[in-house]
2 protein chains.
Amino acid sequence: MIKGHVKLADIAKAAGVSQGTASNVFSRPEVVREEVRERVLGIAKDLGYNGPDIKGRLLRAGRVNAIGVAAIEPLAYFFEDPWARALMTEVSAVCDATGTGIALVSAQNQQKLSWNINSALVDGFILLCVEGGEQLVALTRRRQLPFIALALGDGDAAIPAIGLDNIAGAAQAARHLADLGHQRFAILAIGLTGGEAGAMAPEQAVRSLKFTSRDRALGYWQALADFGIGRADVPIHATQNDRPTVDAALEALFETARPPTAILAMSDRIALFAMQWLAGRGYAVPDDVSVIGFDGVPEAATVVPGLTTMAQPLAEIARRAVAAILEDAAPAQQEALDVTLIVRGSTAPPPAV
Amino acid sequence: MIKGHVKLADIAKAAGVSQGTASNVFSRPEVVREEVRERVLGIAKDLGYNGPDIKGRLLRAGRVNAIGVAAIEPLAYFFEDPWARALMTEVSAVCDATGTGIALVSAQNQQKLSWNINSALVDGFILLCVEGGEQLVALTRRRQLPFIALALGDGDAAIPAIGLDNIAGAAQAARHLADLGHQRFAILAIGLTGGEAGAMAPEQAVRSLKFTSRDRALGYWQALADFGIGRADVPIHATQNDRPTVDAALEALFETARPPTAILAMSDRIALFAMQWLAGRGYAVPDDVSVIGFDGVPEAATVVPGLTTMAQPLAEIARRAVAAILEDAAPAQQEALDVTLIVRGSTAPPPAV
DNA sequence: ATCCTTTCTTGAATCGATTCAATCTTGTAT
DNA sequence: ATACAAGATTGAATCGATTCAAGAAAGGAT
């Protein structure tokens with residue numbers, strides 16, 4: 001019988017039992033008399049029926065046992081971006097443990113994303129809000145499913161979100177280097193609200209950086225102030241989190257008369273690009289220049305020398321996020337988690353002058 | 001977030017139109033008179049109805065517009081393994097273009113995997129068969145959905161699969177190094193059927209390596225034979241595709257009186273581990289030792305020096321695989337695609353003696 | 001033989017939409 | 001005024017299961 005669509009009703013009819021009983025044979029076998037159960041199962045095997053179709057089941061149940069992870073990025077983002085990957089790894093671990101599926105939801109343009117969010121078969125969403133978080137939240141709202149935003153810069157407390165204490169983390173990073181004796185710092189920033197990259201004045205930074213990066217900048221400044229280093233003494237260059245803009249920033253920084261001995265990078269990605277640029281120019285890390293990153297991506301541990309960084313508690317973030325969706329218990333307000341300093345080989349005292 | 005109980009039927013009733021018309025308002029608006037359409041949309045907005053629920057729609061349509069990618073690995077595999085990531089990146093690109101969703105399906109133990117495969121809401125599966133491919137295929141068969149196996153070592157032609165011409169690729173790799181003048185080779189293999197790693201004799205390799213690795217070994221040997229280098233002259237060490245076993249193999253190889261000047265690694269992962277080991281021991285790549293990998297993962301391009309490798313046509317693989325699922329047009333038999341040599345900095349003529 | 005439990009089984013309702021043949025409206029041409 | 005095509009709307013069937021109140025059968029006690 002090539003006709004591929006045997007359904008439960010067919011089995012029931014063929015076995016001479018009601019559809020309800022047939023359903024029980026598969027979903028609650030203990031309630032059906034053994035004799036009947038075996039007969040039904042036999043018929044099912046004969047007809048090539050492999051158990052209830054998941055689509056019918058889920059329509060009835062109303063849940064699909066999967067969570068969606070969404071971002072305003074191409075789908076490949078989940079596999080390419082180091083932070084996204086590290087986070088997904090942890091989310092995967094949690095989902096593995098709870099038997100929950102993962103569906104990737106994304107699109108670059110608003111319209112497609114909207115469609116994808118609306119048609120994703122999931123019980124809720126984890127939103128990766130690195131770019132355009134507000135839009136993502138707005139789009140997801142309409143779906144009327146539980147969701148939780150991650151890395152949402154914006155301070156709107158009404159949005160269920162898990163954030164980081166970026167100010168404290170950045171301060172700790174700067175303090176680490178200052179404690180080592182560094183005096184000449186430079187900041188490599190991300191996340192301009194506008195598009196351009198380049199050097200910027202502190203006031204300008206406060207104005208045009210997005211929340212996450214602004215907080216990190218504030219943290220750096222705050223710690224350095226304790227060491228008598230003013231904002232104006234710390235050049236800050238915005239990048240687009242990619243190699244060309246990082247390279248350009250470094251070119252500019254190391255052309256000056258007093259190049260920095262310590263680089264505060266707002267992401268590990270930037271820090272890693274910076275280390276490669278430095279290696280290419282013959283600057284030794286950490287002997288000539290120290291570099292500290294932010295995020296704690298796995299690559300930071302494997303590169304040589306290891307990258308000192310402020311690690312996000314990704315496992316904790318993932319655990320809370322998945323739990324929030326599964327139990328529909330999103331935090332009433334934003335939670336901010338601590339980042340922790342991980343010292344590796346990329347930071348050391350500055351070279352003796 | 002409590003889900004509103006408004007459904008299409010409620011809207012229809014409230015607007016005084018039939019359910020069919022209400023459905024058309026959302027799914028085929030052009031067929032409904034403008035006046036009616038606006039009235040219905042108005043009512044919908046008032047009642048807080050956000051368009052057709054996807055579950056009902058899909059039940060009717062019978063397809064969910066998503067494909068599952070499955071592997072017998074923890075879910076994190078998709079984000080951690082370089083080959084899987086590179087492949088997923090390409091699959092993502094294809095899915096992005098066609099508006100198809102991606103669901104990740106995996107589990108380490110058989111039973112859970114079986115459950116996950118059976119309950120995944122997808123239109124078909126792409127199977128990553130690096131480990132335990134046969135089991136994966138067997139499990140997927142039962143679901144009676146289109147599927148296609150990738151990297152399936154086994155030669156069973158009845159399974160729809162996309163493979164590689166490993167023999168030709170490996171031969172090309174070995175020829176590249178032999179053309180450069182190398183004479184002392186060593187092979188770092190993967191994929192033992194048993195568990196142990198270590199040095200092995202050629203006959204043993206043929207016997208105990210899995211299909212993919214065996215073919216690669218055969219390819220290496222075949223090309224080297226043309227240069228008068230016999231199988232017995234090429235030490236072959238099995239690894240488990242991880243750092244410890246690669247390190248152990250290299251320790252053994254470079255302890256000998258005639259260490260190799262050219263390393264044939266069966267995966268980029270192994271090759272990259274090898275390059276790190278060599279760097280740690282003070283061997284210069286490519287001046288002292290040349291290394292060639294296999295797979296063409298992105299890291300091979302970014303490492304310094306770049307890794308020469310045999311690149312898999314991942315984009316092509318992804319394109320075909322997704323098309324096969326979406327059009328239910330899996331190839332009747334296994335297809336084998338060509339790999340291409342990408343020369344980077346890790347290979348050069350051997351050191352002058 | 002009667003009554004009461006237990007244990008199975010039934011049948012119909014439900015989940016939330018789409019589809020399509022049939023019917024009803026219009027508008028236009030004759 | 002009549003006929004007819006084109007366009008809009010209806011209503012019932014369908015997708016594939018689960019659920020649960022109610023009925024039937026079997027077994028035990030009196």
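Each chain gets a letter, A, B and so on, in the order the sequences are listed, and its residues count up from 1.
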Q | Basic-acidic side-chain contact under 4.0 Å: R39(A), E35(A) | A | no
Q | Residues forming a side chain to side chain donor-acceptor pair (under 3.5 Å) with R85(B), sequence neighbours excluded | A | E299(B)
Q | Considering all heavy atoms, the nearest I54(A)-N118(B) contact | A | CB-O, 4.1 Å
Q) Closest heavy-atom contact between A321(B) and I126(B)? A) CB-CD1, 3.8 Å
Q. For T100(B) and A66(B), which heavy atoms make the closest approach, and how far apart are they?
A. CG2-CA, 3.8 Å
Q) What string of B, S and - do you get for nucleotides 12-22 of chain D 5' to 3' if you count protein non-hydrogen atoms under 4.0 Å? A) --BBBBBB---
**Q.** Note, L145(B) side chain near D123(B) side chain (heavy atom, < 4.5 Å)
**A.** no
Q. So, F79(A) versus F79(B), ring centres under 6.0 angstrom or not?
A. yes
Q. Where do N116(A) and A107(A) come nearest, in terms of heavy atoms and distance?
A. ND2-CB, 3.8 Å
Q. Please give, in whole Å, the distance from dA26(D) P to E35(A) CD?
A. 11 Å
Using the 3.5 Å cut-off, write out each protein N or O paired with an N or O of nucleotides 5-8 of chain C and the distance between them.
| from | atom 1 | to | atom 2 | distance (Å) |
| --- | --- | --- | --- | --- |
| dC8(C) | O3' | R33(A) | NE | 3.4 |

